[in-house]
Enquirer: 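The structure is given below, and queries will be raised subsequently.
Counting starts at 1 for both ligands and their atoms, following the listed order. These numbers come from the heavy atoms of this one structure, side chains and all, not from hydrogens, waters or symmetry mates.
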Amino acid sequence: MSHKILVTRSSMPDIDEYIEEIKDIWDTHWLTNMGTKHKRLQAELKNYLDVENIDLLTNGHMALELSIQALKLQGEVITTPFTFASTTHAIVRNNLEPVFCDINPIDFTIDVTKIESLITDKTCAIVPVHVYGNVCNVEEIARIAKKYGLKIIYDAAHTFGVRYKKKGIGSYGDVSCFSFHATKVFNTIEGGAVCFKDNDFGLNIYRLKNFGIRDQETVDSIGTNAKMNEFCAAMGLCNLHSINIEIAKRKAVTERYRRQLSGFDGIQLNPAQKDVQQNYAYFPIVINEEVFGSTRNDVFRKLAENGIGARKYFYPLTNSFDCFHGKYTPYLTPIALQISERVLTLPLYADLAFGDVDKICEVILSCKK
Ligand code: T4K
């Protein structure tokens, strides 16, 4: 292949549209601290995501970390290790103890049949991940949380624009945290958001993202700085104009992959879930080497030799990260462990050429023995 293909490529608006959007910043000199673009984007996203309340932040990680802080949690938090570093780090950085639950092997979200056996008198919350844009079993998670009095904070970093049973995904649980990173379906360069129901929680988040400042003479919590600036908000306003086209193009790429990779023994595809309006965020495949004849790592290498940068999202599991010095036991989440050793996330972005998809599939299938 003459050109390199990476796992994703940021979608960007037309440059003239962006310049037009940021022009008035040169008149106002208002660059950050909840300016007019921040306010406009917040209102437009509340509408698009179909949520009761939303606040914007510098990134998806701060959305998670500050949400956990704002809920003033203590003790143990049930979560999964099959995720990006951010999910587990947000828990540990709040001095909470992550308790790792396994995932289900079909859509890779938390295995709801295993949550209750992990609950102790120290459990305070569940942090499930809508991984790859797949929706967790929100009904069962809500039932368990209600029964044991637990908070639910969804890591919704991958689910921008996803709807479940016709409702915005951000309206499930107590809180949902979105990422608007450059690599996401919708980006504000860097950015994130917290969607929530409780107004007091919203007030806490607003203060925490701005140093805990209540007014010019009162600082009532030890907050940090996690405010989205006006240039990022402007990027979001422009990208939001074309979000439906973005998702439609991703859908077309996804369908092209599915047509070519379906029906091969040893390749498991991401499911289309019932009652879910998808966003086509990622295209993971799971390779069972015993049937396929080559391992995930063989396929990864072969793709790399052909200039194709697939990624091992999510390997290694967060419960085996070096920074935790062997504190957790990946063998206690065996399905997550097995999937992390078999999964490969293929390139996916709106303008990925069909010819490139065909080439990627050809290289993968050439590894079948
Ligand atoms: N929870 C979950 C489940 C998440 O997946 C994430 C983030 C978070 C929480 C936290 O949200 P943020 O705080 O990030 O908003 C990338 C992203 O940096 C990260 O946002 C994302 N998850 C994760 C799954 O992927 P890396 O280390 O793989 O990124 P990197 O730099 O290798 O980029 C991947 C590819 O994207 C590149 O090969 C090319 C393309 N790219 C990258 C950048 C930076 C672009 O096209 N443009 C760009 O500006 O983590």
Side-chain angles (χ1 to χ4, degrees), residues 3-13 45 55-68 77 79-94 98 103 107-110 127-136 153-160 162 169-170 173 175-195 209 224 226-229 231-232 235-236 239 246 250 279 281-284 300 303-304 307-318 321 336 340 343-352 356 360:
H3 58 287
K4 270 203 178 308
I5 302 175
L6 299 177
V7 71
T8 195
R9 194 175 74 177
S10 299
S11 285
M12 298 173 76
L45 284 174
D55 201 353
L56 307 182
L57 298 153
T58 39
N59 55 57
H61 179 77
M62 289 314 286
L64 277 169
E65 197 171 308
L66 293 189
S67 292
I68 294 171
V77 174
T79 187
T80 65
F82 188 70
T83 182
F84 191 57
S86 172
T87 323
T88 305
H89 285 3
I91 296 168
V92 176
R93 287 171 61 81
N94 271 293
I103 58 171
D107 62 27
F108 323 116
T109 61
I110 193 163
V127 178
V129 184
H130 298 304
V131 68
Y132 304 133
N134 293 338
V135 173
C136 298
I153 302 130
Y154 279 110
D155 183 334
H158 299 177
T159 30
F160 186 88
V162 168
I169 195 65
V175 183
S176 292
C177 301
F178 289 87
S179 164
F180 306 152
H181 184 260
T183 54
K184 296 293 188 284
V185 169
F186 166 78
N187 84 76
T188 59
I189 309 172
E190 290 267 7
V194 174
C195 300
K209 80 171 186 180
T224 183
K227 294 166 269 123
M228 181 182 283
N229 71 60
F231 288 88
C232 289
M235 190 69 154
N239 279 335
E246 165 81 22
R250 284 173 167 272
N279 68 354
Y282 291 89
F283 196 90
F300 176 81
L303 286 166
I308 300 158
R311 290 291 287 266
K312 300 174 193 175
Y313 295 139
F314 289 100
Y315 172 87
L317 296 179
T318 65
F321 281 175
S340 79
V343 75
L344 204 53
T345 305
L346 304 184
L348 174 56
Y349 43 92
D351 290 325
L352 182 60
D356 288 342
I360 294 165

Enquirer: Taking atom OH of Tyr282 as the centre, does the number of heavy atoms from other residues, nucleotides or ligands within less than 6.0 Å exceed 12?
Expert: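 Yes, the 6.0 Å shell around OH holds more than 12 heavy atoms from other groups.
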Enquirer: Any idea which part of Tyr349 is under 4.0 Å from ligand 1, heavy-atom wise: side chain, backbone, both or neither?
Expert: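 Contact part for Tyr349 vs ligand 1: neither.
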Enquirer: Purely on distance, is any nitrogen or oxygen of Tyr282 under 3.5 Å from one on ligand 1?
Expert: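 For ligand 1, there is no N or O atom that lies under 3.5 Å from one belonging to Tyr282.
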Enquirer: Report the member of Phe84, Phe180, Phe178 with the shortest heavy-atom distance to atom 23 (C) of ligand 1.
Expert: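 Closest candidate by heavy-atom distance is Phe84.
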Enquirer: To check your reading of the model: name the closest protein heavy atom to atom 42 (C) of ligand 1, its residue, and the distance in Å.
Expert: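 Nearest protein contact, heavy atoms only, for atom 42 (C) of ligand 1 is Thr183 CG2, 3.7 Å.
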Enquirer: What do the steps show when you test Asp356 against His3 for side chain to side chain donor-acceptor pair (under 3.5 Å), and what is the final call?
Expert: CA-CA 10 Å; Asp356 288 342; His3 58 287; 3.0 Å; yes
Enquirer: Return the residue, atom name and 0.1 Å-rounded distance of the protein heavy atom closest to atom 18 (O) of ligand 1.
Expert: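 Checked against all protein heavy atoms, atom 18 (O) of ligand 1 sits closest to His181 CE1, 3.0 Å.
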Enquirer: Report the C-alpha distance between Phe180 and Phe160 in whole Å, list the side-chain angles of each, state the deciding distance to 0.1 Å, and finish with yes or no for ring pair (Phe, Tyr, Trp, His ring centres under 6.0 Å).
Expert: CA-CA 8 Å; Phe180 306 152; Phe160 186 88; 5.8 Å; yes
Enquirer: Would you give the length of the straight line joining atom OG1 of Thr88 to atom CG of Asp155, rounded to the nearest 0.5 angstrom?
Expert: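 Reported to 0.5 Å precision, the distance equals 9.5 Å.
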Enquirer: Numbering the atoms of ligand 1 from 1, which are under 4.0 Å from a heavy atom of Arg311?
Expert: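 Listed by number with element, the hits are 26 (P), 27 (O), 28 (O), 32 (O), 34 (C).
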Enquirer: Write out the residue and atom name of the closest protein heavy atom to atom 13 (O) of ligand 1, then the distance separating them to 0.1 Å.
Expert: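 That would be His61 N, 2.9 Å.
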Enquirer: How does Ser10 reach ligand 1, by side chain, by backbone, by both or by neither, if only non-hydrogen atoms under 4.0 Å count?
Expert: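 Contact part for Ser10 vs ligand 1: both backbone and side chain.
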Enquirer: Against heavy atoms of Ser179, which atoms of ligand 1 measure under 4.0 Å?
Expert: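 Reading through ligand 1 atom by atom, the close ones are 11 (O), 12 (P), 15 (O).
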Enquirer: Could you work out, with salt bridge (Lys or Arg N to Asp or Glu O under 4.0 Å) as the rule, every residue matching Arg9, not counting sequence neighbours?
Expert: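 Once residues adjacent in sequence are excluded, Arg9 has no partner under the salt bridge (Lys or Arg N to Asp or Glu O under 4.0 Å) criterion.
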Enquirer: Can you name the closest pair of heavy atoms from Phe84 and Thr318 and give their distance?
Expert: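 That would be O-CG2, 3.9 Å.
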Enquirer: Considering only the protein, which heavy-atom contact is closest to atom 21 (C) of ligand 1, and what is its distance?
Expert: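 Residue, atom and distance for the closest contact: Lys184 NZ, 2.9 Å.
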Enquirer: Among all protein heavy atoms, pick out the one at the shortest distance from atom 35 (C) of ligand 1; state its residue, atom name and that distance to 0.1 Å.
Expert: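 Here the closest protein heavy atom is Val7 CG1, 3.7 Å.
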Enquirer: Within a distance under 4.0 Å of any heavy atom of Leu6, pick out the atoms of ligand 1 and give their elements.
Expert: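 What qualifies from ligand 1 is 38 (O), 39 (C).
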Enquirer: Output the list of atoms in ligand 1 that are nearer than 4.0 Å to some heavy atom of Gly60, sorted by atom number.
Expert: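 In order of numbering, the contacting atoms are 11 (O), 12 (P), 13 (O), 15 (O).
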Enquirer: Taking only residues two or more places apart in sequence, or in another chain, which ones meet Thr183 in a side-chain hydrogen bond (donor to acceptor under 3.5 Å, both in side chains)?
Expert: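 Result, side-chain hydrogen bond (donor to acceptor under 3.5 Å, both in side chains) vs Thr183: His181.
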Enquirer: So, regarding Ala157 and ligand 1 (criterion: nitrogen or oxygen to nitrogen or oxygen, under 3.5 Å), is there a contact or not?
Expert: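 Among all N and O atoms of Ala157, none is under 3.5 Å from an N or O of ligand 1.
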Enquirer: With heavy atoms of Asn59 as the reference, note each atom of ligand 1 found under 4.0 Å away.
Expert: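 Checking each atom against Asn59, I get 13 (O), 15 (O).
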Enquirer: Can you pull out the closest protein heavy atom to atom 29 (O) of ligand 1? Residue, atom name and distance to 0.1 Å, please.
Expert: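 Of the protein heavy atoms, Tyr313 OH, 4.2 Å lies nearest.
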Enquirer: Considering heavy atoms of the protein only, find what lies nearest to atom 40 (C) of ligand 1 and give residue, atom and distance to 0.1 Å.
Expert: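 Protein heavy atom at minimum distance: Thr8 O, 3.3 Å.
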Enquirer: Which of the numbered atoms in ligand 1 are under 4.0 angstrom from any heavy atom belonging to Ala182?
Expert: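 Here the atoms of ligand 1 in question are 48 (C), 49 (O).
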Enquirer: Looking only at non-hydrogen atoms, find the nearest pair between Phe314 and Phe82 and report the distance.
Expert: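 Between these two residues, the closest heavy atoms are O-CE1, 3.6 Å.
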Enquirer: As an exercise, state the distance from CG of Leu66 to CG of Asn94, rounded to the nearest 0.5 Å.
Expert: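 Interatomic distance, Leu66 CG to Asn94 CG, rounded to 0.5 Å: 8.0 Å.
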Enquirer: Checking Arg250 side chain against Ala281 main chain: does a donor-acceptor pair fall under 3.5 Å?
Expert: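 Yes, Arg250 side chain to Ala281 backbone: donor-acceptor pair under 3.5 Å.
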Enquirer: Of all the heavy-atom pairs spanning Pro128 and Ile110, show the shortest one and how long it is.
Expert: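 Answer, listing the atom of Pro128 first, then Ile110: CB-CG2, 4.1 Å.
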Enquirer: If only atom types and distance count, is the side chain of Lys209 paired as donor or acceptor with the main-chain N or O of Leu56 below 3.5 Å?
Expert: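 Flag set: sc Lys209 to bb Leu56 pair under 3.5 Å.
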Enquirer: Do you see a donor-acceptor pair shorter than 3.5 Å between the side chains of His61 and Ser86?
Expert: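 Yes, a side-chain donor-acceptor pair sits under 3.5 Å.
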Enquirer: Looking only at heavy atoms, is any part of Thr83 under 4.0 Å from ligand 1, and if so is it the side chain, the backbone, or both, or is it neither?
Expert: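 Contact part for Thr83 vs ligand 1: side chain (C-beta onward).
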Enquirer: Is it the case that ligand 1 has an N or O less than 3.5 angstrom from some N or O of Ser86?
Expert: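 Checking ligand 1 against Ser86, no N or O pair falls under 3.5 Å apart.
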Enquirer: Could you identify the single nearest non-hydrogen protein atom to atom 1 (N) of ligand 1 and state the distance to 0.1 Å?
Expert: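 Looking at atom 1 (N) of ligand 1, the protein heavy atom closest to it is Asp155 OD2, 2.7 Å.
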Enquirer: Report the part of His158 (side chain from C-beta onward, or backbone N, CA, C, O) that has a heavy atom under 4.0 Å from ligand 1; answer both or neither where that applies.
Expert: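 Looking at His158 and ligand 1, just side chain atoms fall under 4.0 Å.
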Enquirer: Looking only at distance, does Glu190 have an N or O less than 3.5 Å from an N or O of ligand 1?
Expert: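 No, no N or O pair falls under 3.5 Å.
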Enquirer: If every non-hydrogen atom of Pro347 is compared with every non-hydrogen atom of Ile308, which pair is closest and at what distance?
Expert: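 Taking every non-hydrogen atom into account, CG-CG2, 3.8 Å.
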